[in-house]
> 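Dumping the structure here so I can ask a few things about it.
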Amino acid sequence: MMKDCLQFLIEPAKKLKIRLKETRKRVRHDKKEPLAESQLFIMELARELNKMCQRSHVLSHIWTFEDSWPAGVCRDFIVEWAAVIEKRAQPRLTQTECQYEKTEKRDWKGHLLSMLESGGEYEMAPHKRVILDWALDIKSRPEASIWPGEPVLMMLDDLEFQWKRGRLPNLLPAMELIMLALLNAHSPEKEDVTKQWLVRKQRAQRIDAARYIPHSVWNWICDAAEDVTLDPNTANADLLISDDAKRMRCGVEGCHVPCCAQRFDGWRCAAARHGFSSGRHYWEVEVGDRDWRLGVVKARAPRKGYRTLNADTGYLTLRLERGSELKALTVPATPLAQGLAPRKVGVYLDYEQGQLSFYDAERRAHLFTYNETFTEELWPVFGTVEVLKDLVIRPVATRCPCLCPGPCLWN
């Protein structure tokens, strides 16, 4: 009997040991695969940045290739940062430096073949040269190293911690942060690099651009929390609004409500009691499982009937349809990745930066950002078709728990 019990414990351990061996073999095999030129360039750049910037040990995971990233991601990174550096850190390169010599008649067939054979590495040299010249210029300065500042160091620690936990796909955001810190080190106008990083990431207009928002940046967003309440005078007649104006859901039968110019009489929506025409503002909403809509509506946008509520008609919103289809209602609509549908949504408006951003407040992950120049008052807007579960605007003081194991390191 005892032998059977021990065998019961030993067998799973054996299987686990076999799986661990297979994983190690696979990792060794992956590391032996030849790296593309752009991947090697990123590794060397990380090594140089590691030398220049004090306490940037997080970059060692990149230049020792403990971290991994596809060659295509590296190429995008190089092109993007060459443009940033060329604009901010050095004069424009001459035409001869930026481009290969043009011939009277280009061999397009040979050009395409070269691109295919090099796996997309063709014509990356000018972008690499811009970054390399900038790195050499910083290295030649009298200072032995650059102090990135305590907020940057805290954010680097946060990014590394989340990467080790598997929440962050790679450490390239840490490398971006170091590059921003170096670009800002000798700027006459000092900016908070961590905030600059967030604005820049969200301006990229890529879906889920900032997969994880570091703790210090998330606190900064939450510091803009507003006490948002629903305006019953704008609510569709089918909606039931709680006495504290923080909850709403659809009723079984429509209510008799007075006509009002600002009332939604088509879509089941309601606007907030107050709008915003400047500053930073954040509010958080518990949403249903079926169908909801969150965002802002512009002051002059129509509210009557069933006109399409999208960016063209003055609605900057995120919507969940049929319980699984999450999309930003741009024109045309931008579908978000499957599995992103959150239970608590954070909405963050930075009026001066022209950004309206949406986050999964539980995962502290970026979902989508609208980027435009705001010129009129913006009103938070809410929509639901749930009849059993309330859509709830969370109190200002309520935040999702910290992700740190044990006592929080950053509060």
> With distance as the sole test, does S242 use its side chain to make a donor-acceptor pair with the main-chain N or O of R247 at under 3.5 Å?
yes
> Do the side chains of V392 and V285 get nearer than 4.5 Å, heavy atoms only?
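No; the side chains remain at least 4.5 Å from each other.
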> Treating D158 as the side-chain partner and P214 as the backbone partner, does any N or O pair qualify as donor plus acceptor under 3.5 Å?
no
> Quick check: closest heavy atoms across G266 and N236, and the distance to 0.1 Å?
O-ND2, 3.1 Å
> Establish, from distance only, whether the side-chain atoms of T369 and H366 form a donor-acceptor pair under 3.5 Å.
yes
> May I have the step-by-step check of side-chain contact (heavy atoms from CB on, under 4.5 Å) for W63 and E48, ending in yes or no?
CA-CA 9 Å; W63 63 261; E48 291 303 314; over 6 Å; no
> Got a donor-acceptor contact below 3.5 angstrom from the T234 side chain to the A271 backbone?
yes
> Is the shortest heavy-atom distance from the side chain of D192 to the side chain of W197 under 4.5 Å?
no
> E321 and D291: which non-hydrogen atoms are nearest, and at how many Å?
CA-OD2, 4.1 Å
> Do other residues, nucleotides or ligands put more than 12 heavy atoms under 6.0 Å from L136 CG?
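More than 12 heavy atoms, drawn from other residues, nucleotides or ligands, come within 6.0 Å of this atom.
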> Give the C-alpha distance, both sets of side-chain angles, the deciding distance and a yes or no for side-chain contact (heavy atoms from CB on, under 4.5 Å) between I213 and L198.
CA-CA 8 Å; I213 306 295; L198 178 71; 3.7 Å; yes
> Identify the two heavy atoms, one from M175 and one from I42, that lie closest to each other, and give their separation to 0.1 Å.
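Scanning both residues completely, I find the closest heavy atoms to be CE-O, 3.6 Å.
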> Quick one: pull up CG in L49 and CD1 in I178 and give me the separation to the nearest 0.5 Å.
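Reported value, rounded in 0.5 Å steps: 7.0 Å.
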> Using a 4.5 Å cut-off on heavy atoms from C-beta on, say whether the side chain of V228 contacts that of H281.
no
> Let me confirm one number: the SG-NZ distance from C250 to K389, rounded to the nearest 0.5 Å.
14.5 Å
> I'd like to know if E362 pairs up with K344 as an ion pair, taking the criterion as any Lys NZ or Arg NE/NH1/NH2 lying under 4.0 Å from an Asp or Glu carboxylate oxygen.
yes
> Can you measure from CE (M52) to CG (L59) and round to the nearest 0.5 angstrom?
10.5 Å
> When you look at CD of E37, are more than 12 heavy atoms from neighbouring residues, nucleotides or ligands closer to it than 6.0 Å?
no
> Using the ring of each side chain (for Trp, its six-membered ring), is Y282 parallel, tilted or perpendicular to Y359, with breaks at 30° and 60°?
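Tilted: the ring planes of Y282 and Y359 meet at 30° to 60°.
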> Say whether, by atom type as modelled, one donor and one acceptor occur between the side chain of D227 and the main chain of V396 under 3.5 angstrom.
no
> Using modelled atom types only, decide if a donor and an acceptor are shared between the side chain of D137 and the backbone of S140 within a distance under 3.5 Å.
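Flag not set: sc D137 to bb S140 has no pair under 3.5 Å.
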> Does the distance from a Lys or Arg side-chain N to an Asp or Glu carboxylate O, for R343 and E286, drop under 4.0 Å?
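So R343 does not pair with E286 through a salt bridge.
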> Hydrogens and angles aside, do H215 and R364 bring a side-chain donor and acceptor to less than 3.5 Å of each other?
yes
> Between K327 and P335, which heavy-atom pair has the shortest distance, and what is it?
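Result for this residue pair: CB-CA, 4.0 Å.
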> Using a strict cut-off of less than 4.0 Å between a Lys/Arg side-chain nitrogen and an Asp/Glu carboxylate oxygen, indicate whether E372 and K298 qualify as a salt bridge.
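Counted as a salt bridge, because a side-chain N and a carboxylate O are separated by less than 4.0 Å.
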> Is any side-chain heavy atom of L329 less than 4.5 Å from a side-chain heavy atom of L318?
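Side chain of L329 against side chain of L318, heavy atoms only: no contact under 4.5 Å found.
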> Does NZ or CZ of R319 fall inside the cone over W292's six-membered ring, less than 6.0 Å from its centre and within 45° of the axis?
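Because its charged atom misses either the 6.0 Å distance or the 45° angle limit, R319 does not stack over W292.
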> Does any part of the side chain of F276, heavy atoms only, come nearer than 4.5 Å to the side chain of E377, both counted from C-beta?
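They are not in side-chain contact.
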> Less than 3.5 Å apart, any donor N or O on the side chain of R280 or Y348 sitting next to an acceptor on the other?
yes
> Before accepting this row, confirm whether a basic side-chain N of the pair E386/R268 lies closer than 4.0 Å to the acidic partner's carboxylate O.
no
> Which distance, rounded to the nearest 0.5 Å, do you find between the CZ of F382 and the OG1 of T317?
12.0 Å
> If we ignore hydrogens and angles and just use 3.5 Å, is the side chain of E325 paired with the main-chain N or O of L320 as donor and acceptor?
no
> Can you check whether M124 reaches R75 side chain to side chain, under 4.5 Å on heavy atoms?
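Result yes, sub-4.5 Å side-chain heavy-atom pair found.
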> Is the closest side-chain heavy-atom distance between H127 and E80 below 4.5 Å?
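Not in contact.
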> Looking at W69, is its backbone amide N or carbonyl O close enough to the side chain of Q39 to form a donor-acceptor pair, meaning the two atoms are under 3.5 Å apart?
yes
> Determine the minimum heavy-atom distance between C269 and F264, stating which atoms define it.
O-CD1, 3.5 Å
> Checking Q355 side chain against V199 main chain: does a donor-acceptor pair fall under 3.5 Å?
yes
> Do V296 and Y370 come close enough that some side-chain heavy atom pair is under 4.5 Å?
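They are not in side-chain contact.
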> Got a second to check how far R263's CZ is from D231's CG, nearest 0.5 Å?
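Going from CZ on R263 over to CG on D231, the span is 8.5 Å.
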> Between T308 and N310, is there a side-chain donor-acceptor contact under 3.5 Å, judged purely by atom types and distance?
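On atom types as modelled, these side chains do not qualify, holding no pair under 3.5 Å.
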> Does R273 use its side chain to pair, donor to acceptor, with the backbone of A245 at less than 3.5 Å?
no
> What are the two closest heavy atoms between S38 and A71, and how far apart are they?
CB-O, 4.5 Å
> State the OG-CD1 distance between S357 and I221, to the nearest 0.5 angstrom.
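Result: 7.5 Å between the selected atoms.
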> Distance-only, no hydrogens or angles: does the T334 side chain make a donor-acceptor pair with backbone N or O of T330 under 3.5 Å?
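No.
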> More than 12 foreign heavy atoms under 6.0 Å from CG of D243: is that the case here?
no
> Measuring centre to centre across the rings, with the benzene-like ring taken for any Trp, is Y351 within less than 6.0 Å of F374?
yes
> Are the aromatic rings of Y212 and W163 close, with centres under 6.0 Å apart?
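No, the ring centres sit 6.0 Å or more apart.
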